[in-house]
Chemist: 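Below is a structure I'd like to ask you about.
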Amino acid sequence: MESATAEAVSKDRMVSAKVNARGEIDELRFHTSKYRTMAPAELSAAVLDVIGRARAEMEQRVADALGPVAPGTPESRAEVIRGGDPSAFLAELGLDFPGPPRP
């Protein structure tokens, strides 16, 4: 998995992003010059969309690869990989999640 990458391309094929198995951006490429005339918010949305889709694909691939050797359901593993709430994953393992500290 260390050398695995996932790539997403925008619908208009203007921009693509490639991420590694840790979800880090390995490549961001503009295939046309359309970005030069886009509003900043529109360009930002296009870039964030392709990065998000590439990361989601890689998260799923990592979760699927861990399936045969890792405990829990694919959904709970994917949630933990995304950095989300680990409580469902821990509950499947019969462990209590202490939750946030009380003030």
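When a residue number appears, it is its place in the shown sequence, counting from 1. Below, each value reflects all heavy atoms present in this structure, side chains not excepted, and no hydrogens, waters or symmetry copies. Keep in mind the model is a prediction, meaning the values are calculated, not measured.
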Chemist: Say you draw a straight line from CD of E42 to OH of Y35; how long is it, rounded to the nearest 0.5 Å?
Modeler: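 Answer rounded to 0.5 Å: 14.5 Å.
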Chemist: So how far is it from D26 CG to N20 CG, rounded to the nearest 0.5 Å?
Modeler: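 Taking CG in D26 and CG in N20, the distance rounds to 4.5 Å.
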Chemist: If every non-hydrogen atom of A17 is compared with every non-hydrogen atom of L28, which pair is closest and at what distance?
Modeler: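 So the two residues come closest at CB-CD1, 4.1 Å.
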Chemist: Can any side-chain N or O of S10 pair as donor or acceptor with the backbone N or O of V15 at less than 3.5 Å?
Modeler: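 Yes; at least one donor-acceptor contact below 3.5 Å.
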Chemist: Minimum heavy-atom separation for D12 to K34, with atom names?
Modeler: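 Shortest heavy-atom separation between D12 and K34 comes out as OD2-NZ, 2.9 Å.
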Chemist: Apply the test side-chain contact (heavy atoms from CB on, under 4.5 Å) to residues I51 and I25: give CA-CA distance (whole Å), side-chain angles for both, the deciding distance (0.1 Å), then the verdict.
Modeler: CA-CA 8 Å; I51 292 170; I25 302 167; 3.4 Å; yes
Chemist: What heavy-atom pair brings A54 and A8 nearest, and what distance separates the two atoms?
Modeler: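 Closest pair (atom of A54, atom of A8, distance): N-CB, 3.7 Å.
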Chemist: Over all heavy atoms of both residues, which pair between T32 and M14 is shortest? Give the atoms and the distance, please.
Modeler: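 For T32 versus M14, the nearest heavy atoms are OG1-CG, 3.4 Å.
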Chemist: Does the side chain of R55 come within less than 4.5 Å of E57's, by heavy atoms?
Modeler: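 Of all side-chain heavy-atom pairs linking R55 with E57, none is under 4.5 Å.
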Chemist: Ignoring hydrogens, what is the shortest heavy-atom contact between A4 and R61? Give both atom names and the distance.
Modeler: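 For A4 versus R61, the nearest heavy atoms are CB-NH2, 4.0 Å.
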Chemist: Nearest heavy-atom pair of A46 and M38: which atoms, and what distance?
Modeler: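 Where A46 meets M38 most closely, the heavy atoms are CB-CE, 4.4 Å.
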Chemist: Rounded to the nearest 0.5 Å, what separation is found between the CD atom of E27 and the NZ atom of K18?
Modeler: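 Separation between the atoms: 4.5 Å.
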Chemist: Which residue pairs pass the salt bridge (charged side-chain N to carboxylate O under 4.0 Å, His left out) test when at least one of the two sits in residues 43-54, sequence neighbours left out?
Modeler: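 Sorted result for residues 43-54: D49-R53.
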Chemist: Is there a side-chain contact between V9 and V50, using heavy atoms and a 4.5 Å cut-off?
Modeler: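 They are not in contact (no side-chain heavy atoms under 4.5 Å apart), so the answer is no.
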